[in-house]
Amino acid sequence: MTPQQFKENILPLKDKMYRFACRIVEDTEEAQDLVQEVLVRLWDRKGDIVQYKSIEAYALTMTRNLCIDWLRTSGRLLKEDPAEMDLVDPVTPYDLTEFRDTVSRINNLIGHLPEQQREILHLRDIEGYDFDEIASILGLNLNVIRVNLSRARKKIKEQLVKAHQYDLQRN
């Protein structure tokens, strides 16, 4: 792989790799460092990269593995870190608050999912990968991916319904 091919095929993936790393390590600066390390490793292996069917899957697998290694060696536990999202044109301040509370609640629920379910949900619903790509990235069977995604979505939905009912009873 030439430097030009690397720039065209690998560097455009860095944003996806960064978002994926952020989701796993939940630390933006560390995610940047880890993605940079993955890019260096990919450059070091540029001659071997062409043998892979999906360079993107290979890069994301490397990112995932390096993030997990970092979590293990640093002894960090995954913590919740709700994303700040803004509405384009909120109708009222109440709507904006309600939206932010819901996003925070969903991110909190996602953070409490088992690691495998959390990764599958992120890759499918946030990154938009299809099942075959997720299988390639995580090295899992398609049925395992479908079952875990279904369970993750069901659990989040159930918890949101319970929280909403609790909020209605309180008010």
Side-chain angles (χ1 to χ4, degrees), residues 13-38 56-88 90 92-171:
L13 300 174
K14 70 179 184 211
D15 290 337
K16 283 186 180 183
M17 293 164 51
Y18 172 72
R19 288 191 304 271
F20 192 42
C22 278
R23 193 59 145 157
I24 295 171
V25 300
E26 297 182 345
D27 181 333
T28 56
E29 289 179 18
E30 194 58 44
Q32 288 173 343
D33 291 343
L34 290 166
V35 168
Q36 187 173 13
E37 176 65 25
V38 171
E56 183 175 343
Y58 181 65
L60 287 170
T61 300
M62 283 183 75
T63 303
R64 175 183 178 268
N65 292 341
L66 192 61
C67 289
I68 290 171
D69 288 346
W70 179 81
L71 287 171
R72 286 182 185 142
T73 57
S74 68
R76 288 187 47 168
L77 297 174
L78 296 175
K79 60 181 182 357
E80 69 181 74
D81 185 26
E84 285 296 320
M85 297 179 70
D86 294 321
L87 291 172
V88 175
T92 66
Y94 175 81
D95 292 336
L96 179 60
T97 303
E98 187 75 22
F99 177 76
R100 285 186 174 157
D101 288 347
T102 302
V103 168
S104 176
R105 191 172 274 163
I106 290 171
N107 283 329
N108 185 21
L109 292 171
I110 290 171
H112 286 90
L113 289 172
E115 180 180 344
Q116 193 173 61
Q117 288 180 5
R118 186 173 52 245
E119 288 176 343
I120 292 169
L121 185 75
H122 176 81
L123 289 171
R124 179 70 177 163
D125 293 343
I126 296 171
E127 295 295 332
Y129 287 100
D130 65 30
F131 290 106
D132 291 330
E133 291 171 319
I134 296 170
S136 178
I137 292 167
L138 300 179
L140 297 172
N141 180 304
L142 288 175
N143 289 332
V144 170
I145 292 169
R146 286 188 174 99
V147 166
N148 277 290
L149 182 62
S150 175
R151 288 178 182 168
R153 288 175 176 167
K154 182 179 177 182
K155 185 172 184 177
I156 290 171
K157 181 181 177 182
E158 288 171 354
Q159 293 297 322
L160 279 175
V161 168
K162 281 183 188 177
H164 181 69
Q165 289 171 345
Y166 175 76
D167 290 345
L168 289 175
Q169 289 175 353
R170 252 186 12 189
N171 295 332

*asked:* Apply side-chain contact (heavy atoms from CB on, under 4.5 Å) to residues Ile120 and Gln116 and explain how you reach the verdict.
replied: CA-CA 6 Å; Ile120 292 169; Gln116 193 173 61; 4.0 Å; yes
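- When all heavy atoms of Arg118 and Ile110 are compared, the pair lying nearest together is CD-O, 3.5 Å.
- Residues satisfying the side chain to side chain contact (heavy atoms under 4.5 Å, CB included) test with Gln117, not counting sequence neighbours, are Leu113, Pro114, Asn148, Arg151, Ala152.
- Taking every heavy atom of both residues into account, Asn143 and Asn141 meet most closely at N-OD1, 2.6 Å.
- Contact check on Asp130 versus Arg124 returns no salt bridge, with no Lys/Arg side-chain nitrogen under 4.0 Å from an Asp/Glu carboxylate oxygen.
- Residue Glu127 holds its CD atom at 9.5 Å from CZ of Arg23, rounded to the nearest 0.5 Å.
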_For a side-chain contact (heavy atoms from CB on, under 4.5 Å) check, start with the C-alpha distance between Ile68 and Glu119, then their side-chain angles and the critical distance, and finish with the verdict._
CA-CA 11 Å; Ile68 290 171; Glu119 288 176 343; 3.9 Å; yes
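- At distances below 3.5 Å, at least one donor-acceptor pair connects side-chain atoms of Thr61 with backbone N or O atoms of Ile137.
- Closest of all the heavy-atom pairs between Val38 and Ala59 is CG1-O, 4.0 Å.
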*Under the side-chain contact (heavy atoms from CB on, under 4.5 Å) rule, what do Lys154 and Glu158 come out as? Steps first, then yes or no, please.*
CA-CA 6 Å; Lys154 182 179 177 182; Glu158 288 171 354; 3.0 Å; yes
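- Atoms CG and CZ, on Leu140 and Arg146 in that order, are 12.5 Å from each other to the nearest 0.5 Å.
- Other residues, nucleotides and ligands place no more than 12 heavy atoms under 6.0 Å from the CD atom of Gln36.
- In this structure, Leu138 CG and Leu123 CG are separated by 5.5 Å, a value rounded to the nearest 0.5 Å.
- A donor-acceptor pair is defined here as one N or O able to donate and one able to accept, closer than 3.5 Å; no such pair exists between the side chain of Ser136 and the backbone of Asp132.
- Scanning both residues, Val35 and Lys14, for their nearest heavy atoms gives CG1-O, 4.1 Å.
- Take Lys16 and apply the salt bridge (Lys or Arg N to Asp or Glu O under 4.0 Å) test, not counting sequence neighbours, and it matches Glu56.
- Expressed to the nearest 0.5 Å, how far OH of Tyr129 lies from CD1 of Ile145 amounts to 13.0 Å.
- A donor-acceptor contact shorter than 3.5 Å is absent between the side chain of Ser150 and the backbone of Val147.
- The two residues Val25 and Cys67 make their nearest non-hydrogen contact at CG1-CB, 3.8 Å.
- Taking CG of Leu109 as the start and NZ of Lys157 as the end, the distance is 14.0 Å to the nearest 0.5 Å.
- Atom-to-atom distance recorded for Asp69:CG and Leu34:CG is 9.5 Å, nearest 0.5 angstrom.
- The heavy-atom pair separating Arg64 from Phe20 by the smallest distance is CB-CE2, 3.6 Å.
- Tyr18 pairs by the ring pair (Phe, Tyr, Trp, His ring centres under 6.0 Å) definition with nothing, not counting sequence neighbours.
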*Could you check Leu121 against Ile156 for side-chain contact (heavy atoms from CB on, under 4.5 Å), going step by step and ending with a plain yes or no?*
CA-CA 11 Å; Leu121 185 75; Ile156 290 171; 3.6 Å; yes
